[in-house]
Amino acid sequence: MSENEQQQGDTSESRHTDYDISKAIQSTHGLRQGLTSYGDAHFSLFLRKVFIKALGYSEDALSRPIIGVINTYSGFNPCHANVPQLIDAVKRGVQLSGGLAIDFPTISIHESFSSPTSMFLRNLMSMDTEEMIKAQPCDSVILIGGCDKTTPAQLMGALSANKPAVHLVTGPMMPGSHRGVRVGACTDCRNNWAAFRAGKIDIEDISAINDELAPTAGTCGVMGTASTMACILVALGLMPFAGASAPAVSSSRLRIAEETGRIAVQLATNKKLNPQSLLSRDSFLNAITVLQAIGGSTNAVVHLMAIIGRHPNVAGTITLDTIDEIGRKTPLLVDLKPSGDNYMTDFHNSGGMLSLLYKLKPLLHLGALTYTGSTLGEEMARFAPMKIPQQLSHIQPFDNPLYPASSLVVLRGNLAPNGAIMKASASKDRRLLQHKGQAVVFRNSEDMARRLDDPALPVTADSVLVLQHIGPKGNPGMPEAGLTPIPTKLASQGVMDMLRLSDGRMSGTAGGTIVLHISPESAHPTSVLGIVRDGDTIICDVANRILRVEISDVEIAARQKQRMETPEDAAGLIMPDGPVATERGYRGLYKRTVLQADKGADFDFLTAQGPEPQRQRD
Ligand code: FES
């Protein structure tokens with residue numbers, strides 16, 4: 001072929017008499033895959049080459065496997081501040097392995113810069129990720145994420161797009177220091193804010209602490225949602241062992257990025273390892289075992305249910321009960337905040353995920369596949385766990401755990417017929433794990449903000465704080481408002497923990513005796529949480545996994561009927577199925593299609609099953 005013919009792209013191939021245009025359109029390799037529709041496949045490829053050459057690529061470069069690198073850098077996302085350096089290192093790894101790396105943006109979500117809440121945008125980011133992976137000619141993709149909602153959104157999207165993919169997280173930030181004590185986002189954000197509210201530290205201290213809580217780029221440095229999801233990605237076989245814990249600002253993080261580039265080229269040439277074939281039920285069981293052993297974020301439960309719901313062969317085979325069952329035999333081994341005392345850097349220096357997986361070996365499904373095409377057991381056998389004296393390690397031995405089992409529990413009962421989640425290991429007052437008390441009910445977040453610190457509020461340390469209407473539909477995005485603060489008048493008396501219930505979420509970095517994700521949520525017509533009133537007796541019995549309100553079924557039915565007959569209640573809340581259908585834009589789409597928390601709060605039309613015309617959407 002002459003140089004001129006080469007430069008014209010597809011000309012030689014088009015001369016073959018038996019050339020099949022449909023093959024070009026359906027090609028799964030390089031630039032030829034997924035051609036733009038102009039009705040003429042040759043012209044589509046010709047035009048694609050015209051435009052990509054405007055970026056200066058040679059024919060040699062364009063003939064290589066194309067690795068899409070998803071760029072989630074944003075000036076509003078400090079957890080992703082190191083993404084530009086990671087992209088440089090990733091590209092180096094891709095080029096060293098003979099591939100061509102091309103980066104492209106998707107939206108980026110940070111916890112503190114997303115209104116009303118980052119979770120409101122998770123499904124949007126997953127749609128963006130899925131569609132851009134499908135639309136563009138990538139042989140494999142590198143998903144660079146990190147902050148809480150970004151990694152689950154990317155995995156949901158990549159699983160649905162089903163092109164070979166590998167994850168790279170930005171990595172945890174370093175801890176800071178205040179008066180000689182280490183502090184880090186964001187368990188210490190909450191602890192210190194609670195101490196400030198209780199008058200235990202003054203304005204100067206809280207201002208100084210504010211400077212130190214996030215001292216470097218990277219994700220929150222405790223076992224919050226970002227760290228939990230990073231560990232889960234390793235357990236799923238979608239990231240190298242050290243990928244979960246190497247600090248964001250370390251040279252290791254950059255070497256992992258370079259290695260990820262190399263992995264992506266391998267994945268591009270071995271097209272069989274797409275996410276739906278790589279991930280099996282066993283992969284997810286491993287992920288749940290790790291979730292329990294690290295005392296991971298309650299948010300990870302919602303994300304896992306959404307991710308599982310995207311997998312055509314796994315959806316429906318794992319439920320909240322599976323998470324509880326695995327928890328009963330899995331000890332909490334990792335001593336990190338909020339369940340323990342330390343930071344992600346300590347986990348990394350203790351050997352990180354590889355050491356943890358070795359300790360969990362009896363509970364793992366070692367035959368599950370990883371990104372290498374080898375099984376988890378085979379991959380583990382390639383590396384020896386770090387040798388470190390136990391007294392210096394922050395990973396406990398299997399037979400001497402931090403907490404014997406069931407770090408995360410699933411509660412059921414008339415208050416939560418479809419389940420609720422509690423991180424029992426993060427309870428600050430373990431007596432509350434078996435508790436009976438009178439409800440003090442807040443109708444929504446605004447009601448709580450207005451009345452919580454009212455000295456006249458009839459609340460005692462034994463009361464149960466009930467926060468309604470912060471579920472997926474009722475307060476779109478299911479905000480992290482489930483950590484209802486201790487009323488100031490009790491906090492100043494030294495009360496550090498109370499039993500608190502809601503249909504919302506809480507930050508993975510938070511602790512306390514908090515029941516979350518109650519399903520169905522208050523805004524649902526059949527919700528019992530939504531009809532709880534001040535003074536009702538609530539029973540929480542973690543040992544028996546019970547969450548109940550002591551009112552009769554007849555009374556429940558009467559209150560539900562009354563509620564449905566009132567279009568707007570005294571607190572100004574619009575009752576279920578009000579103006580939802582008429583709301584425009586993404587918010588309308590969200591409210592019309594979001595599933596309940598026990599199903600991952602995904603949109604019904606994005607699940608592997610998809611929507612059904614007659615299906616109850618929630
Ligand atoms: Fe991004 Fe915590 S705010 S990980």
Side-chain angles (χ1 to χ4, degrees), residues 70-83 86 106-122 125 143-155 167-176 182-193 209-234 239 243-250 253 291 294-300 302-303 336-339 342-345 347-348 423 426 477-483 505-511:
I70 296 188
N71 181 353
T72 52
Y73 177 81
S74 158
F76 283 115
N77 195 343
C79 298
H80 291 202
N82 59 342
V83 166
L86 293 180
T106 67
I107 60 170
S108 186
I109 307 170
H110 184 272
E111 289 302 293
S112 299
F113 295 96
S114 304
S115 178
T117 170
S118 59
M119 184 66 175
F120 180 64
L121 299 171
R122 183 201 64 180
M125 185 172 178
L143 308 157
I144 304 183
C147 195
D148 292 8
K149 306 306 175 292
T150 59
T151 43
Q154 290 184 319
L155 180 48
H167 283 262
L168 172 64
V169 297
T170 52
M173 64 176 72
M174 302 298 290
R182 291 193 302 170
V183 292
C186 223
T187 305
D188 299 324
C189 310
R190 295 167 205 287
N191 293 345
N192 283 290
W193 187 250
I209 289 167
N210 189 274
D211 284 344
E212 282 294 309
L213 283 165
T216 71
T219 51
C220 289
V222 296
M223 195 50 83
T225 307
S227 302
T228 301
M229 290 309 302
C231 293
I232 282 176
L233 292 175
V234 173
M239 198 161 73
S245 57
V249 291
S250 65
R253 177 58 52 194
L291 170 66
I294 61 180
S297 166
T298 47
N299 285 316
V302 186
H303 299 322
L336 258 60
K337 294 185 178 194
S339 294
N342 299 291
Y343 297 88
M344 278 301 279
T345 46
F347 180 52
H348 186 67
K423 190 194 277 192
M478 200 185 170
E480 290 186 343
L483 180 73
R505 299 176 298 113
M506 75 173 181
S507 165
T509 62

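Order of listing sets the numbers, starting from 1, for every ligand and every atom in it. Everything numeric in this text was worked out from a predicted model, so none of it was measured.
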*Would you say F76 has more than 12 foreign heavy atoms packed within less than 6.0 Å of its CZ?*
no

*Going by heavy atoms in the side chains, are L155 and L143 under 4.5 Å from each other?*
no

*Going by the atom numbers of ligand 1, which of them fall below 4.0 Å from some non-hydrogen atom of H110?*
1 (Fe), 3 (S)

*What atoms in ligand 1 come closer than 4.0 Å to a heavy atom of C220?*
2 (Fe), 3 (S), 4 (S)

*For E111, counting its heavy atoms only, list the atoms of ligand 1 lying under 4.0 Å from any of them.*
3 (S)

*Any side-chain heavy-atom pair from R190 and S507 closer than 4.5 angstrom?*
yes

*Are any non-hydrogen side-chain atoms of L291 and T228 less than 4.5 angstrom apart?*
yes

*Can you find a heavy atom in the side chain of S108 that is under 4.5 Å from one in the side chain of K149?*
no

_For D148, atoms of ligand 1 separated by under 4.0 Å from a heavy atom_ = 2 (Fe), 4 (S)

*Examine C79 and say whether one of its N/O/S atoms is closer to atom 1 (Fe) of ligand 1 than 2.8 Å.*
yes

*Which of the atoms in ligand 1, numbered in the order shown and given with their element, are less than 4.0 Å from a heavy-atom of T219?*
4 (S)

*Give the atoms of ligand 1, by number and element, whose distance to some non-hydrogen atom of A226 is under 4.0 Å.*
4 (S)

_Looking at T150 and G146, would you say the former's side chain and the latter's main chain have a donor-acceptor pair under 3.5 Å?_
yes

